[in-house]
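Read the structure below first, then the notes.
The residues of the chain are indexed from 1 along the displayed sequence. As a basis for the values below, the full set of heavy atoms in this structure was taken, side chains included, without hydrogen atoms, waters or symmetry mates.
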Amino acid sequence: MPQSRWIALLLWPLALALVTWTLSQMPLAGIGGILAELHWHQWVLWTLVNVLAIAVSTERWRRLGRMLGEAPGFWQMLLIRQAGQTVSFITPAPHFGGEPFQIYWLVKRAGMSIHRAVLSLALDRFYELWINFLVLMLGVSLILLVPQAATIVSNSQITDNQVSDWYVILLLLLTLLVALSIIAWVLIRQPALISSRLEKVSARWFDSPKLAALGAHWHSLGSDIKKVVRTQKAELLNALLLSLLGWALMIFEVWLALSFFDIRLDTVALAQIMVAMRLALLLPLPGGIGSLEAAVLWSFQTLSLPMEAALGLIALTRLRDVLVLVSGAVCLYTLRKKH
């Protein structure tokens, strides 16, 4: 059995163990009553925010593809994105796993050339990761720099070890951000450094007629990157703004969910919950199963917030995930059926 298969088999029990422990700490009997107390207009607003967040991410990817001269329409892009997200969700990796399928569908369904399909998806993932690490780093910085105004200090006992942990997380996020920036700089300024090494590694493969075209695709990808940076600065900026808008919607969704349960937090306390939830999703567990629940529980305990509200936030978050999975499965079925 491949090593990756063994890792996946080990991660699923770990995720389920985390779920079991987390659920044992929560008043599960009240979950139905908590959600039943929500009014219809709250459900409508919550649904609208989530749909808008998905639309913003899809539009960013579509614009990046259009910037390269090849992109399907919005609805086609939405089908491909959601189908890939479903694969990524059940893969033991943080938000990755469905990309090969998305590239395949872009090439086969939308008629994009391979190098442009790869480039559009790579740019979309780069924006997602870079902005993700940037916002998380700003959130951790806020927690560390404004302790006197934070609920985390006034309502709880924060230890020196916890402060030290936040500094470690900040350093790690800064390292990842710098690493991504360096990779982007090398791809833009010195693509030959990477292409020459890839060609040496894959030289034996190019003897195959089917794989010989990969070298041409790589050179085309490098020239497209240079062209985009030189001529499409406005579109790249628009993609950045859409990424920031997507993050703003995610923050607003958490704030909105908390407001449903009469929880009003200051900026730093909201940042702690948001950072904890997003860091939990970066762990190599399928869909953050277990880690997300544990992060919410820890945050609410640290902030001395009611566990009923924590349960409500987790319930809404997982309900959203289930709906996204179901819609993604429908998109996946549609793509396979049409193909």
Count the heavy atoms belonging to other residues, nucleotides or ligands that lie under 6.0 Å from CZ of Phe101, then report whether that count exceeds 12. no
Does a side-chain heavy-atom distance below 4.5 Å link [X] with [Y]?
| X | Y | value |
| --- | --- | --- |
| Leu241 | Leu245 | no |
| Leu313 | Phe300 | yes |
| Trp298 | Gln272 | yes |
| Arg278 | Val135 | no |
| Leu270 | Leu258 | yes |
| Arg81 | Cys331 | no |
| Ile169 | Val275 | no |
| Leu325 | Gln85 | no |

Where do [X] and [Y] come nearest, in terms of heavy atoms and distance?
| X | Y | answer |
| --- | --- | --- |
| Gly246 | Val56 | N-CG1, 4.0 Å |
| Ala269 | Leu265 | CB-CB, 4.0 Å |
| Leu142 | Ala271 | CD2-CB, 4.1 Å |
| Ala295 | Ala280 | CB-CB, 3.7 Å |
| Thr86 | Ala329 | OG1-N, 3.6 Å |
| Ile131 | Leu240 | CD1-CD1, 3.3 Å |

Determine, using the 4.5 Å side-chain heavy-atom cutoff (strictly less than), whether [X] and [Y] are members of one ILVMFWY cluster.
| X | Y | result |
| --- | --- | --- |
| Leu292 | Leu319 | yes |
| Trp75 | Leu242 | no |
| Leu145 | Leu134 | yes |
| Phe252 | Phe260 | yes |
| Leu180 | Leu244 | yes |

Between [X] (side chain) and [Y] (backbone), is there a donor-acceptor pair under 3.5 Å?
| X | Y | result |
| --- | --- | --- |
| Gln76 | Gly73 | no |
| Ser327 | Val324 | yes |
| Tyr127 | Trp61 | no |

Run the side-chain contact (heavy atoms from CB on, under 4.5 Å) check on Leu123 and Met67 step by step: do they pass? CA-CA 11 Å; Leu123 285 171; Met67 177 185 69; 3.8 Å; yes
From CA spacing to verdict: side-chain contact (heavy atoms from CB on, under 4.5 Å), Asn50, Ile54: CA-CA 6 Å; Asn50 281 284; Ile54 293 174; 5.6 Å; no
Rounded to the nearest 0.5 Å, how far apart are [atom1] of [X] and [atom2] of [Y]?
| X | Y | atom1 | atom2 | answer |
| --- | --- | --- | --- | --- |
| Leu249 | Leu52 | CG | CG | 5.0 Å |
| Met277 | Ser299 | CE | OG | 8.5 Å |
| Leu311 | Leu316 | CG | CG | 9.5 Å |
| Met137 | Asn132 | CE | CG | 12.0 Å |
| Ile80 | Leu332 | CD1 | CG | 11.5 Å |
| Leu171 | Trp166 | CG | CH2 | 14.5 Å |

Checking Arg320 against Thr47 for the side-chain contact (heavy atoms from CB on, under 4.5 Å) test, could you report, in this order, the C-alpha distance in whole Å, the side-chain angles of both residues, the deciding distance, and whether it holds? CA-CA 9 Å; Arg320 179 203 62 202; Thr47 303; over 6 Å; no
In sequence, state the C-alpha distance, the side-chain angles, and the governing distance for Phe133 and Leu172, and then conclude on side-chain contact (heavy atoms from CB on, under 4.5 Å). CA-CA 10 Å; Phe133 293 143; Leu172 179 60; over 6 Å; no
Looking at Arg60, Arg62, Gln102, which one forms a side chain to side chain donor-acceptor pair (under 3.5 Å) with Asp124? Arg60
Check the pair Trp43, Trp46 against ring pair (Phe, Tyr, Trp, His ring centres under 6.0 Å), reporting the backbone distance first and the verdict last. CA-CA 5 Å; Trp43 284 111; Trp46 176 79; 5.7 Å; yes
